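Because the structure is a prediction, the values reported are computed rather than measured. Lettering follows sequence order; numbering is per chain, from 1.
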Amino acid sequence: MAERYNHQAIEKEAHEKWAELNLYETNLADEAKEPYYLLVEFPYPSGDLHIGHWYAFAVTDIYARLLRMQGKNVLFPIGFDAFGLPAENAAIKHGVNPKDWTYANIERMKGQLASMGPSFDWNKMVVACDPEYYQWTQWLFTKLFEHHLAEHRLAAVKWCPKDQTVLANEQIIDGKCERCGTEVEEKRLTQWFLKITDYAERLLAGLDTLPWREEIKDAQRAWIGKSEGAHLSFAIAGRDEKIKVFTTRPDTIFGVTYVVLAPEHPLLRQGYAGQTLLDSISNQNDVEEYIAATAKKTERERSENKEKTGVRLEGVMAINPATKEEVPVFIADYVLASYGTGAVMAVPAHDERDFEFATRHNLPIKTVIEPLFIKSSGDDAVRADKPMVERETISALVRDPKTNTYLTLRWKKAAWTTFVTGGVEEGQTPEEAARAEILQETGYQHVRLIREFGMVHSKFFHIPKDQNRFGHFHNFFFELEDDAQSSVTVEELAKHEVVWMTAQEARSALTGESFVQLLDETIGEHPYTGSGILVNSGEFSGRESEVSKSDFVTFVGGEKATNYRLRDWLVSRQRYWGCPIPIVYDPEGAPHVVPAEHLPWLLPTDVDFTPTGEAPLASSKELKERVTRIFGEGWTPEYDTLDTFVDSSWYFLRYLDAKNAHKFSDPALMKKWLPVDRYSGGSEHTTMHVLYARFFTKALYDLALVPVDEPFGERFNRGLIMGPDGAKMSKSKGNVVNPDEFVAKYGADAVRIYLAFIGPYNEPGNYPWSLEGVAAMRKFLDRVVRLADKIGESSDLSEKLAQALARTSAKLVEDGERFKFNTSVAALMMLVNEFEATETFPQSAFRELVIMLAPFAPHLAEHLWERQGGEGSVHTQALPNASLAESVVREIMVQVNGKRRGSLTLAADVSEEDAVIAARALPTVATALTGAEPTRIIYVPGKVLNLVI
RNA sequence: GCCGAGGUGGUGAAAUUGGUAGACACUCGACACUUAAAAUGUCGUGAGCUCUAAUAGGCUCGUGCGGGUUCGAUUCCCGCCCUCGGCACCA
């Protein structure tokens, strides 16, 4: 049997045949067929094709082939993201030339990729390190420069001491270099930036128009990090300068008790009447010391130690623009120079970080917002049809110091757990009311008041009273002095029972945020950071905070402002193996672009790769001579190269016109083929690469160079193939799966089908590689091969098999749209099961099966197609007709009271009456009815008949 | 902490708008073929109970937990728990 499916011979023959027929060259100008651009992130040529590459390309190839069988003109290109550090590291380590290393790897990977049997159009291959490619990366950079979207400026940059290069924010993971894990340092260098922040708003707005999964959009939204607020100014007493802060909470301005500057804040060194701010303070040494210590710290150290350190600027006072009160000024490293204005107004009563800082430095905490909670869901949500009754009430938290537990009441008429609560009666102080309620509801006689908290307001539906309540709670914290307890009335006992709980138990049991808030404040962990009712806020007191924000801004003469967490994209790299930045400097040091006629601006070859901290290109004599020759004496080259993310931000444009020597891409082809219909990639690229590519596209759209302003229609993040043990593959764990091994043993087609079958491709799950699973796919293919024995010369196609063929064809189309191939493979298996259950069938039926198998197992299908006398290639065939007449009979479920009691096979258009008669004839149904007449009948034709008694 | 996705048999998973939960496979078990093994084939495989000589069959429970809506809920609503992913001193 085994020799009947010799996968190695079959694969070789198929590859030769496809090459001969030139099967996969896409004619981009074709007007007859609908274009479909299917894109996969191009790989880095590491020289080692792993199972992840297979998952990325082989499964997507299935879709490319399916689309062609549906009559689409499919562009499914491939290329290499060939600039980057590994090549250079290999150069340093093994003394090889990065270029030779890279191109040798590309050659090797082309061969490995070909073993999948992919339908790539190799003629459109793009290699990022080819001068023919990077000349256009350079050209696009010059366009961005000319339109002020590329800027040269001094910046504090993140530096990897091991790789000797600057890193983008995105390339730092937990304060460490993404590649080598080395602690990142900070340096001040003049660097090139692309002004992606100019596009922050449009990058955000564009997301609303894209049909992507929410998780992808949300990741980008979080990355862009828009926050709306205001710029407010604090005058400095006795000086002219003002401290400008950004805040999202202008409504808390009356609660500002101090102001904090980042240690790098420029104001510190600025002069006023010949004196800098630092000159005018009395504790200069302490402050200078803190600034120096901060500068030495890496970002990681700053964020790792989340303790809120800082130093007060003695002698400097800021003036709260709302209260006109003087407040102290601090420098602290929890305020970042790079966000907002580098200064914050601190409201410890209503901000987590300010609260910590204030607690640590004994600064006043001034409450200006009392929480307001409105129940909008659950049994006790405010009900529109019930009256709202306003009440002055108390809420008393009682702690038993002996057991460190809290007194709660479990209500009997409602699913509530609360603290002691009650109304404040005429002539009673709130504290008296609280004491009275404790005695009345629980019987405890001796409690000591520890603290009274600010009020909390709450709107909810009071179930036992059947009315809405707008409660204004005075909050008290008592401690139990002793266990003395008087008896509680029967009425009170009927209302609720007393339960002592730990803080943690109470937190999960309590009804409503107001009680949890009280508990949190009591334990002293959290300030209230939500919205509510304003207090201690002058004329604003009594209003709701949320709606008053803009009035506060006007009141203190500030202005609305929006901030983004997104920073400009730092693209300078002090490395060799990258695209040279096409910039030269005139004798005065001003940057100029290298004119188009000198592009590609070639990467010099006379370069010393040894890391010195200098950019390697600085060691090139040729580059310096080139600049002098072209631009004149005194002109100097730019020595940095571009971040490789620049190369990959536009490669999908080049695929359309990979060999054009005069343009980066053809406008007519871009108009026809963009945006990319479907882009498949890894979830690790959602926030960087995809965002950068969107930015590039929008910028080029604005320069009228690209016809679309969003590059990608659909975007899917594929999952990860795990080792057979379910853990992430790694050499150290020894669970790495080598695809070549499985291809040799079971054939490329078995591996392809297995990868398609392993799990849904449209979501980024983790799928463990199963050794038995691949073997099972091979068995499946063997069964298909054996089926050919059952072809009968003059057999008729059974109705059942005809329907199965049509159903499968429809299923393939449908699953393809959803990008789910696991169920497609299941459908094919069911079809094969159907074939096996059939005594004999005509060759035409088997050929239809082979056509449907072809996208998944392209080699075997081609072989079987030929053996069954198929013309040309199976891969140019159309999918079988999917719209065969539906079966006239349907199986319908019969339920009694919603429980399944049997099923019936009936004509699809059977009347309700007839269906009921048939159903009642079923013994199980008759038993379940117990002689009763159905009072209600639910009949969904073709699906369900439910008899309700 | 915040945001997002998810939780279904021993395992990967399926169920398209609320309509027979577990398709399709893997694993495991039994049997057939074989001198034997491999390969292949047949049957079984959510839990529990039950009828029967044995089959066929029947009943109850079951999609993280607790409630709700509905004739009917993996699917919708409310409240929790857990896992994974992203962000994280962003004012």
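Note on A:Lys779: only backbone sugar-phosphate atoms sit closer than 4.0 angstrom, heavy atoms only; bases stay farther off. Using a 4.0 Å heavy-atom cutoff across all strands shown, A:Tyr767 reaches sugar-phosphate atoms only and no base atom.
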Q.
Return a single string for nucleotides 14-23 of chain B, one symbol per nucleotide in 5' to 3' order, where B is base contact, S is sugar-phosphate-only contact and - is none, cutoff 4.0 angstrom on heavy atoms.
A. SSB--BB--B
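Following rounding to the nearest Å, A:Asp333 (CG) and B:A91 (P) show an atom-to-atom distance of 17 Å. Following rounding to the nearest Å, A:Glu684 (CD) and B:G86 (P) show an atom-to-atom distance of 10 Å.
Across the P atoms, B:U35 and B:C28 are found 26 Å apart, a figure rounded to whole Å.
Partners of A:Phe835 according to the ring pair (Phe, Tyr, Trp, His ring centres under 6.0 Å) rule, which considers only residues two or more places apart in sequence or in another chain, are A:Phe841. With sequence neighbours excluded, the residues forming a side chain to side chain contact (heavy atoms under 4.5 Å, CB included) with A:Glu356 are A:Lys308, listed by chain and number. By the side chain to side chain contact (heavy atoms under 4.5 Å, CB included) test, A:His231 pairs with A:Lys244, A:Phe246, A:Thr341, A:Glu559, A:Ala561, A:Asn563, sequence neighbours left out.
Of the listed nucleotides (B:G4, B:U40, B:C87), B:G4 has the atom at the smallest distance from the side chain of A:Glu215. For A:Asp351, whose side chain is taken as the heavy atoms from C-beta onward, the closest listed nucleotide among B:C89, B:A91, B:C26 is B:A91.
Within the structure, a side-chain polar atom (N or O) of A:Arg901 is placed less than 4.0 Å from OP1 or OP2 of B:U60.
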Check: residues 894-901 of chain A side-chain donor-acceptor pairs under 3.5 Å, at least two apart:
residue, atom, partner, partner atom, Å
A:Gln895, OE1, A:Asn946, ND2, 3.3
A:Asn897, OD1, A:Ile949, N, 3.0

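Here B:G9 is in the syn range [glycosidic angle within 90° of 0].
A:Tyr754 and A:Tyr746 have their aromatic ring centers separated by at least 6.0 angstrom. You'll find the ring centres of A:Trp769 and A:Phe742 inside the 6.0 Å limit.
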Q | Pair pattern of RNA chain B in dot-bracket, where unpaired bases get dots and | marks partners in another strand, Watson-Crick or G-U under 3.5 angstrom | A | (((((((..(((......[....))).(((((.......))))).(((((......)))))..(((((..]....))))))))))))....
